[in-house]
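Encoded as structure tokens, the structure appears first; notes follow it.
Here the structure is a predicted model, which is why all the values come from computation and not from measurement.
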Amino acid sequence: MLRPDIIDLREFYANPLGRAVRRLLRPKLRAFWPNVQGMTVLGLGYATPYLRIFEGEAERVIAAMPGPQGVVRWPRGLPGRVMLVDEDDLPLPDASVDRLLLMHALENSENVRALLREVWRVLTPQGRLLAVVPNRRGLWAHIEATPFGQGHPYTPPQLTRLMRDAMFSPTQSQAALWLPPSDRAFVIRAVNAWEKTGEILWNRFSGVLLVEAEKQVYAGVPARAVKAKQRAFVLNPSPSARLGTQRDGSGPAPA
């Protein structure tokens, strides 16, 4: 599966359409987790445009980016808190994360079950994940010019079934992003109107689905394959890096 490149992701969130998407989704994410006081919050995939909403309250906010995607430094102007990881072998202890945000991750994973198995492992017994994925019925999933048009989109029943099969109990869900995937000025200016109208008239055709799920402790510990390879991760990377490759880090980075 061809996943979005780190440079494409960064450039999307630096342009007007990406900034509009970020403004729309941040309040919805925060509504799922209104209180993260003293918690460890992990963003897996490309979640850095959204993690700042938890800073100043959570005890620790960190980001993990899959090796095939690549990594950029985050946060800007501060000590790095981003890791370059194998998504099915996270360099974190068991039960060490309270809240885990999957953004541009689930739909691009080469092994969804292995990814969710690792998410289950690193979450605390009361831990919760929040997955943001393209809606198969929505327009965004069919426009390849944006990150939400990459990978495998889902319908709500598919996403719920996937969570339950991975020993998570879905707790709440929401649709979002009726804004057309266009960077035309008149579209961006009317972003709030698009969202309000879409939620009323075209609810099933949202651009993304947001599903929160709680770890099922009573389900038992999932089997985990033993790996001989060494974990690779970067806590304080150069402005832009890939496994075995260095990239030019010039250009704007998302806040």
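- The pair Arg113-Glu118 does not meet the salt-bridge criterion, since no charged nitrogen lies less than 4.0 angstrom from a carboxylate oxygen.
- With a 4.5 Å cut-off on side-chain heavy atoms, Thr48 and Met65 count as touching.
- To the nearest 0.5 angstrom, Leu123 atom CG is 11.0 Å from Asp94 atom CG.
- Side chain of Asp86 to backbone of Asp88: no donor-acceptor contact under 3.5 angstrom is found.
- You'll find the side chain of Thr155 stays beyond 4.5 Å of the side chain of Leu209, heavy atoms only.
- A side-chain donor-acceptor contact under 3.5 Å links Arg136 to the backbone of Pro153.
- No donor-acceptor contact under 3.5 angstrom links the side chains of Glu214 and Ser169, judged on distance only.
- In terms of the salt bridge (Lys or Arg N to Asp or Glu O under 4.0 Å) criterion, residue partners of Glu212 (sequence neighbours excluded) are, by chain and number, Arg128.
- Relative ring orientation between Trp33 and Phe54 is described as tilted, the plane-to-plane angle lying within the 30° to 60° band.
- If you take OG1 on Thr171 and CE on Met163, they are separated by 10.0 Å, rounding to the nearest 0.5 Å.
- Classification of the Phe148-Phe12 ring pair by plane angle, with boundaries at 30° and 60°, yields perpendicular.
- Counting only distance, with no hydrogens or angles, the side chain of Lys215 and the backbone of Trp120 share a donor-acceptor pair below 3.5 Å.
- A side-chain donor-acceptor contact under 3.5 Å links Asn108 to the backbone of His104.
- With hydrogens and angles disregarded, no donor-acceptor distance shorter than 3.5 Å links the side chain of Arg99 to the backbone of Val41.
- For the residue pair Ala63 and Leu51, the shortest heavy atom distance occurs at CB-CD1, 3.8 Å.
- Taken together through direct or relayed side-chain contacts under 4.5 Å among Ile, Leu, Val, Met, Phe, Trp and Tyr, Leu100 and Met83 form part of one hydrophobic cluster.
- Atoms CZ and CG, from Arg73 and Leu78 in turn, are 8.5 Å apart once rounded to the nearest 0.5 Å.
- No donor-acceptor pair closer than 3.5 Å links the side chain of Arg189 to the backbone N or O of Arg184.
- Here the side chains of Leu101 and Tyr50 are in contact, with some heavy-atom distance below 4.5 Å.
- Residues Asp98 and Val36 fail the side-chain proximity criterion, which asks for heavy atoms closer than 4.5 Å.
- Of all heavy-atom pairs between Leu29 and Met103, the closest is CD1-CE, 4.3 Å.
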Given side chain to side chain contact (heavy atoms under 4.5 Å, CB included), test Glu11 with Ile7 step by step and report yes or no. CA-CA 6 Å; Glu11 289 180 352; Ile7 302 303; 3.6 Å; yes
Could you walk me through whether Tyr13 and Arg19 pass the side chain to side chain contact (heavy atoms under 4.5 Å, CB included) check? CA-CA 5 Å; Tyr13 282 105; Arg19 291 197 297 269; over 6 Å; no
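- Judged by distance alone, the side chain of Trp194 and the main-chain N or O of Pro180 form no donor-acceptor pair under 3.5 Å.
- The heavy-atom pair separating Ala47 from Leu44 by the smallest distance is CB-N, 4.2 Å.
- Grouping the Ile, Leu, Val, Met, Phe, Trp and Tyr side chains by contacts below 4.5 angstrom, directly or via other members, places Ile143 apart from Phe186.
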Would Leu106 and Leu159 count as a side chain to side chain contact (heavy atoms under 4.5 Å, CB included) if you check the C-alpha gap in whole Å, the side-chain angles of each, and the deciding distance to 0.1 Å? CA-CA 10 Å; Leu106 202 62; Leu159 198 53; 3.7 Å; yes
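- Nearest heavy-atom pair across Phe168 and Val119 is CZ-CG1, 3.9 Å.
- For Leu84 against Gly70, the heavy-atom pair with the smallest separation is CD1-C, 4.0 Å.
- Residues Leu179 and Leu17 meet the side-chain proximity criterion, which asks for heavy atoms closer than 4.5 Å.
- Rounding to the nearest 0.5 Å gives a distance of 10.5 Å between CD of Glu199 and CG of Leu201.
- Taking CG of Leu177 as the start and CH2 of Trp140 as the end, the distance is 4.5 Å to the nearest 0.5 Å.
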Trace of the side-chain hydrogen bond (donor to acceptor under 3.5 Å, both in side chains) decision for Thr40 with Glu59: CA-CA 6 Å; Thr40 294; Glu59 179 179 347; 5.4 Å; no
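- In this structure, Gln150 contributes its side chain and Glu144 its backbone to a donor-acceptor pair below 3.5 Å.
- Here the side chain of Ser96 pairs no donor or acceptor atom with the backbone of Leu92 at under 3.5 angstrom.
- Considering only heavy atoms from C-beta on, Phe205 stays 4.5 Å or farther from Asn135 through its side chain.
- Val208 and Leu139 are members of different hydrophobic clusters when ILVMFWY side chains are connected at heavy-atom separations under 4.5 Å.
- Taking 4.5 Å as the limit, some side-chain heavy atom of Leu102 sits within range of a side-chain heavy atom of Leu116.
- The two residues Glu195 and Ala176 come nearest to each other via the heavy atoms OE1-C, 4.2 Å.
- The number of heavy atoms from other shown groups lying within 6.0 Å of CD (Glu55) is above 12.
- Under the 4.5 Å side-chain criterion, counting only non-hydrogen atoms from C-beta, Arg137 is in contact with Pro156.
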Given side chain to side chain contact (heavy atoms under 4.5 Å, CB included), test Tyr46 with Arg10 step by step and report yes or no. CA-CA 9 Å; Tyr46 190 71; Arg10 186 179 64 173; 3.8 Å; yes
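- Residues forming a salt bridge (Lys or Arg N to Asp or Glu O under 4.0 Å) with Glu57 (at least two apart in sequence, or on another chain): Arg30.
- When hydrophobic clusters are built by joining Ile, Leu, Val, Met, Phe, Trp and Tyr residues whose side-chain heavy atoms come closer than 4.5 Å, directly or via intermediates, Met167 is grouped together with Val211.
- Rounded to the nearest 0.5 angstrom, Asp8 CG and Thr146 OG1 are separated by 11.0 Å.
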